[in-house]
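Side chains included, hydrogens not; waters and symmetry mates left out as well; all remaining heavy atoms used.
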Amino acid sequence: MNENLLAPAWLTKPKDVNAIATGIWPKSLRRDSEGHIEVGGVAVGDLVAQFGSPLYILDKKEFFERAEQIIAAFSSAAQSHGTQSKIYYASKAFLSTEVVRWVDQLGMNIDVSSGGELAVALAGGIAPSRIGLHGNNKSHSEIGRAVSAGVGVIVIDSDIEIERIASAAGAQDRIQPVRLRVNSGVHAHTHEYLATAREDQKFGIAMADVPSLVEKIRSHKHLQFLGLHSHIGSQIFAVEGFVEAAKRLVSLQAEILKGGPVPEMNLGGGFGVAYTPADNPLAIEEVAAAITDAVASECAKYGIPIPVLAYEPGRAIVGPAGITIYNVGTTKDVLVGEDADVRKYVSIDGGMSDNARPALYSADYSVLLASRESEAIPALSRVVGKHCESGDIVVRDAYLPEDVAPNDLVVVATTGAYCFSLASNYNYLARAAVVAVEDCKADLIVRSETEEDLLSRDLKVSK
Ligand SMILES: *Cc1c(COP(=O)(O)O)cnc(C)c1O
């Protein structure tokens, strides 16, 4: 049979189009004896019958196991060099009060980057001392709220914020711990919009300005300087970028230690996960060891103590713990190019409003027919949404069975991070619900929106 020339080089045609690729789906995801996909012991068809479609599903056990693995990896790497690690869950990847409770149970800290995220974290009941506040433009009221709530740390992102935070802390007669975010200039190997530490971007303080700003922080009696912070980007596979950023931070650490204590160093998040079989992330243990070894050997070089090492993984914890289920509405075969290769367009009942990443970053995803097994041959397919944009793509390239048809259910992998949190109401689609599954039980943690919700802010609805 001729190869479909529309298929990208990384995508291999599966021998069995019903097979579940390894390393992409939650470990509990499997086909039951009738060929239906189940996750956490619950058939996805039953979840749709109960909670509707599209539907985000979080595998609670997968979330916990991934978090525990990351905590253990960084902790044992730190301990092998006689120091300690601290993990902050980067809540912008996925945040709801239930997930805050999971973070709390796991003993993690939590990062928020707006007043809204802070409100959800506080509503989830985690101790304020375990919250870190980020952002390059925190408002006076966000800072005031964070200080009065007693958040554990605020990460300073500009000179202006030093005064802003000091005066809020002074007004409330509190001492606010702070970090200083550094723009290390490291270019992470990832999509341009995800790379946050090259010089020409909005986050952090230029290396050259760090010592004087640390001095300024230290001059304020209502601020307590905890250490430097670096976050070089997201969905990063190569450890070299993290290592290089860590080395640059240690050189600054040596300098600023001359003026006072620097107990911690925060090296951010950004650890990549597999979205398709072409993605091969390093084991987190290897990443943790490489970063920690680099910090330790640089510290030895400068003759300084190794600080407590903090990290902020979001995607690596929640991304692969989430899947999205959709109902197929229409399909059509489109002939493309001179060779008239066929691309099957499979339209589903969601799209860029529940998963903006393909439109934002050309992100790739993996998909399976979930409601049945099929004997049909694999057909090169594109899973598209129902929005009025041709860029409204959910899975750009994947093989689905040739007979995929209306009312089939499909599941998309690795949608736990940056899908729910980036969801919109474009075309006035109601945002999807989130259900957590574990041990054959389903727990609705965020309900879907209703048409009433969609109209609720419109003050000119005629009565
Ligand atoms: C987004 C973000 C993270 C988390 O990134 P992931 O790729 O989800 O691990 C961590 N720290 C900061 C400052 C961030 O902005």
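- Note that CG of Leu133 is 5.5 Å distant from CD1 of Ile154, once rounded to the nearest 0.5 Å.
- Among residue pairs with one or both ends in residues 253-276, those qualifying as ring pair (Phe, Tyr, Trp, His ring centres under 6.0 Å) are Phe74-Phe271, Phe242-Phe271, Tyr275-Tyr365; sequence neighbours excluded.
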Does His231 form a side-chain contact (heavy atoms from CB on, under 4.5 Å) with Phe203? I'd like the steps, not just the answer.
CA-CA 9 Å; His231 173 70; Phe203 293 107; over 6 Å; no
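- Taken from CD1 in Ile37 to CD1 in Ile20, the straight-line distance is 4.0 Å, to the nearest 0.5 Å.
- Here the CG atom belonging to Asp443 is positioned 9.5 Å from the CD atom belonging to Glu438, to the nearest 0.5 angstrom.
- Val178 is not listed as a side-chain neighbour of Val155, based on a closest heavy-atom distance of 4.5 Å or more.
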Side chains of residues 111-127: which donor-acceptor partners sit under 3.5 Å, not counting sequence neighbours?
{"from": "Asp111", "atom 1": "OD2", "to": "His134", "atom 2": "NE2", "distance (Å)": "3.4"}
{"from": "Ser113", "atom 1": "OG", "to": "Glu117", "atom 2": "OE1", "distance (Å)": "2.9"}
{"from": "Ser114", "atom 1": "OG", "to": "Gly116", "atom 2": "N", "distance (Å)": "3.3"}
{"from": "Ser114", "atom 1": "OG", "to": "Glu117", "atom 2": "N", "distance (Å)": "3.1"}
{"from": "Glu117", "atom 1": "OE1", "to": "Ser113", "atom 2": "N", "distance (Å)": "2.7"}

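- Contacts of Phe420 classified as ring pair (Phe, Tyr, Trp, His ring centres under 6.0 Å), with partners at least two apart in sequence or in another chain: Tyr56, Phe94.
- Atom CZ of Arg101 is separated from atom OG of Ser96 by 8.0 Å, given to the nearest 0.5 angstrom.
- Rounding to the nearest 0.5 Å places CD1 of Ile236 at 9.5 Å from CZ of Arg315.
- Put simply, OG on Ser75 and NZ on Lys86 are 13.5 Å apart, with the number rounded to the nearest 0.5 Å.
- In this structure, the side chains of Leu429 and His387 come closer than 4.5 Å at one or more pairs of heavy atoms.
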Might you work through the salt bridge (Lys or Arg N to Asp or Glu O under 4.0 Å) test for Asp397 and Arg382, ending with a clear yes or no?
CA-CA 5 Å; Asp397 297 293; Arg382 178 163 290 172; 3.7 Å; yes
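- Between Arg179 and Asp157 there is no salt bridge, since no side-chain N of the basic residue sits under 4.0 Å from a carboxylate O of the acidic one.
- Side-chain contact between Lys27 and Glu65: present, with at least one pair of heavy atoms (C-beta onward) separated by less than 4.5 Å.
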Using side-chain contact (heavy atoms from CB on, under 4.5 Å), reason through Val182 and Ile205 one step at a time and then give a plain yes or no.
CA-CA 5 Å; Val182 181; Ile205 303 290; 5.6 Å; no
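- Asp104 and Arg130 are joined by a salt bridge, as a carboxylate oxygen and a charged side-chain nitrogen come within less than 4.0 angstrom of each other.
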